[in-house]
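Everything on this sheet refers to the single structure shown next.
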Amino acid sequence: MTMDLTFLGTGSAYPSPHRGASALVLRTEGECWLFDCGEGTQTQLMKSQLKASRITKVFISHLHGDHLFGLPGLLCTVSLNLNPCPTQPPTCVDIYGPQGLRQFLRVALELTSSQLLFPYSVHELEPTTDQCPTEGQLSPDVTADSGRLHPQERAGRTIPLDVNSDCYVILEEKRFVVKAFRLFHRVPSFGFSVQEHDWPGRLNTELLKDLGLKPGPLYGRLKAGESVTLENGQVVKPSEVLEEAIPGRKVCVLGDCSSLLGEGPLRACHRADILVHEATLSDEHREKAVDHGHSTPSMAAAVAQACCARMLVLYHFSQRYKPAGQHKEGDEDDVLELRRQAEEALQGTGIEVSLAEDFLTIPIPLIRLH
């Protein structure tokens, strides 16, 4: 199964002519999952090879506008371009994010008299008080659920922190397990880990032929993990004829942060194939970055090393850093310096560093152990 990650917006604070506001899409066969939706995301989608109608899940890291302002408009545009099928009900779009997201979306859609041609559901993560300074914590009066659903809204879950894993288990399905974890920022912020289940190894067809088993439905049952009984009564177990399983891929996307909270982030991101981490400012501006709840390249590198990630992808750059292809001689700030700083911090670890740019697509291949 193919899997890739496309960056729609890689800038911080606001969209500019050089960088869109935060948004990226994890694409698997037939489905797109959107992470953050800053202002202008729908325009970026139209410029890309992705289809907004394929978005079935949205993950919002925190409630700052540069990660959220594009969501109501995107949902409305998807609805306008939807061709309803009379024989098949539209898919419900599941939206995950911090407490307050449900109320934000209700008010935005209700005040604009926006009606959608598909249902949606908002599942809120309960933050903890240590995720941000006191002034960044929303009043319960603002985030309280009135219980009055928007006409197209379906009731969502409120997800508490699991104290045993120090994570939020937000989705468990046949192909993936998705967890959220806590980050420290000026408002409660979260990261997300998407873990693909392991793939069964290849069948040893030569051994199966020696056993007298011909290609057919029994091959499929063995591949699915079932034992089969031959005509002579011999029981063949999958472990006897399957090669080693292929590890599922793991993609981790961290929202804005100046530090991780608890053990949950390192557990959820351990051995990530791709770790997406912000690097708003260079290492020389570390104090300013931390004061504003952000990270620098060496801070992101420290997280990647602690997680034993395969690849670190830096994004969410200050708009002072133009894309590498647009940097001119004499420009004071060079985005390539951000990559150099992360690479220097990771020297000798084998962790690859990449700079995200708008519309960059990174393939995520399956990696066989042998």
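Bear in mind the structure is a predicted one, so any value in this text is a computation, not a measurement.
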Query raised in the report: Regarding His294 and Glu278, is there a side-chain donor-to-acceptor distance under 3.5 Å anywhere?
Result: yes

Query raised in the report: Any sub-3.5 Å donor-acceptor pair from Glu263's side-chain atoms to Asp166's backbone N or O?
Result: no

Query - Side-chain donor or acceptor of Glu124 paired with backbone N/O of Gly100 under 3.5 Å - result: yes

Query raised in the report: How far apart are the C-alpha atoms of Asp130 and Arg182, what are their side-chain angles, what is the distance that settles it, and do they pass the salt bridge (charged side-chain N to carboxylate O under 4.0 Å, His left out) test?
Result: CA-CA 9 Å; Asp130 54 351; Arg182 298 174 301 148; 3.3 Å; yes

Report task. Identify whether Val194 and Leu171 are in the same connected component of the hydrophobic contact network (ILVMFWY, side-chain heavy atoms under 4.5 Å). Result -> yes

Query raised in the report: Any Lys/Arg nitrogen of Glu31 or Lys57 sitting under 4.0 Å from an Asp/Glu carboxylate oxygen of the other?
Result: yes

**Report entry** Distance in Å, Phe176 CZ paired with Leu26 CG, rounded so as to fall on 0.5 Å steps
**Finding:** 6.5 Å

Query raised in the report: Considering all heavy atoms of both residues, which atom of Ala144 and which atom of Gln103 are nearest to each other, and what is their separation?
Result: O-OE1, 4.0 Å

Requested in this report: Could you walk me through whether Phe190 and Tyr168 pass ring-ring contact (aromatic ring centres under 6.0 Å, His included), step by step?
Outcome: CA-CA 10 Å; Phe190 296 88; Tyr168 302 78; 5.4 Å; yes

Requested in this report: State whether the number of non-hydrogen atoms from other residues, nucleotides or ligands found under 6.0 Å of Gln347 atom CD is greater than 12.
Outcome: no

Query - Glu126 side, atom CD; Leu161 side, atom CG - distance, nearest 0.5 Å - result: 9.0 Å

Report task. Dump the intermediate steps for salt bridge (charged side-chain N to carboxylate O under 4.0 Å, His left out) on Glu196 and Arg175, then the final yes or no. Result -> CA-CA 6 Å; Glu196 182 183 34; Arg175 289 161 55 190; over 6 Å; no

**Report entry** Donor-acceptor contact present, side-chain Gln152 to main-chain Leu116, <3.5 Å
**Finding:** yes

Query - Check: Arg249 side chain, Ala272 main-chain N or O, donor-acceptor pair, under 3.5 Å - result: no

Query raised in the report: If you measure from CG on Asp66 to CG on Asp36, what distance do you get to the nearest 0.5 Å?
Result: 8.0 Å

Requested in this report: Just do the salt bridge (charged side-chain N to carboxylate O under 4.0 Å, His left out) check on Glu110 and Arg148 with the steps written out, would you?
Outcome: CA-CA 11 Å; Glu110 288 176 6; Arg148 185 168 57 88; 3.5 Å; yes

Report summary line: On a heavy-atom basis, the closest approach of Ala309 and Leu275 is CB-CB, 4.1 Å

Query - Heavy atoms of other groups near Glu173 CD, more than 12 under 6.0 Å - result: yes

Query raised in the report: Looking only at side chains, do Thr77 and Gln42 share a donor and an acceptor under 3.5 Å apart?
Result: yes

Requested in this report: Looking only at non-hydrogen atoms, find the nearest pair between Ser12 and Ser318 and report the distance.
Outcome: OG-CA, 3.4 Å

Query raised in the report: Quick check: does any side chain N or O of His185 sit under 3.5 Å from a backbone N or O of Gly293, one acting as donor and the other as acceptor?
Result: yes

Query - Side-chain (Gln99) to main-chain (Thr143) donor-acceptor, under 3.5 angstrom - result: no

Query raised in the report: Charged N to carboxylate O below 4.0 Å: is that the case for Glu343 and Arg340?
Result: no

Query - Value rounded to 0.5 Å, distance of CG in Leu24 from OG1 in Thr10 - result: 10.0 Å

**Report entry** Joint hydrophobic cluster, Val177 plus Ile246, side-chain heavy atoms closer than 4.5 Å
**Finding:** no

Query raised in the report: Of all heavy-atom pairs between Asp198 and Ala245, which one has the smallest distance, and what is that distance?
Result: CB-CB, 4.5 Å

Report task. Taking the six-membered ring for Trp and the full ring for Phe, Tyr or His, determine whether the centres of Trp33 and Tyr96 are under 6.0 Å apart. Result -> no

Without placing hydrogens or testing angles, list every side-chain donor-acceptor pair under 3.5 Å for residues 250-257, not counting sequence neighbours.
residue : atom : partner : partner atom : Å
Lys250  : NZ   : Ala268  : O            : 3.2
Lys250  : NZ   : His270  : O            : 2.9
Asp256  : OD1  : His67   : NE2          : 3.3
Asp256  : OD1  : His316  : NE2          : 3.2
Asp256  : OD2  : His62   : NE2          : 3.4
Asp256  : OD2  : His67   : NE2          : 3.2
Asp256  : OD2  : His316  : NE2          : 3.2

Report task. Kindly state each residue pair satisfying ring-ring contact (aromatic ring centres under 6.0 Å, His included) with at least one member in residues 73-92, sequence neighbours excluded. Result -> none

Report task. Ignoring hydrogens and angles, tell me if any N or O in the side chain of His123 forms a donor-acceptor pair with the backbone of Arg157 under 3.5 Å. Result -> yes

Query raised in the report: Would you call the rings of Tyr120 and His150 parallel, tilted or perpendicular, where under 30° means parallel and over 60° means perpendicular?
Result: tilted

Query raised in the report: With the threshold set at 4.0 Å, does a side-chain nitrogen-carboxylate oxygen contact exist between Glu357 and Arg19?
Result: yes

Query raised in the report: Can you list the residues that meet the salt bridge (Lys or Arg N to Asp or Glu O under 4.0 Å) rule with Asp283, with sequence neighbours excluded?
Result: none

Report task. Answer yes or no: is there a side-chain heavy-atom contact under 4.5 Å between Val78 and Ile55? Result -> no

Query - Least distance between heavy atoms, Leu82 atom then Pro90 atom - result: CD2-CB, 4.5 Å

Query raised in the report: Are more than 12 heavy atoms from other residues, nucleotides or ligands located less than 6.0 Å from atom NE2 of His197?
Result: yes

Report summary line: Nearest heavy-atom approach of Val313 to Ile362 is CG2-CD1, 3.8 Å

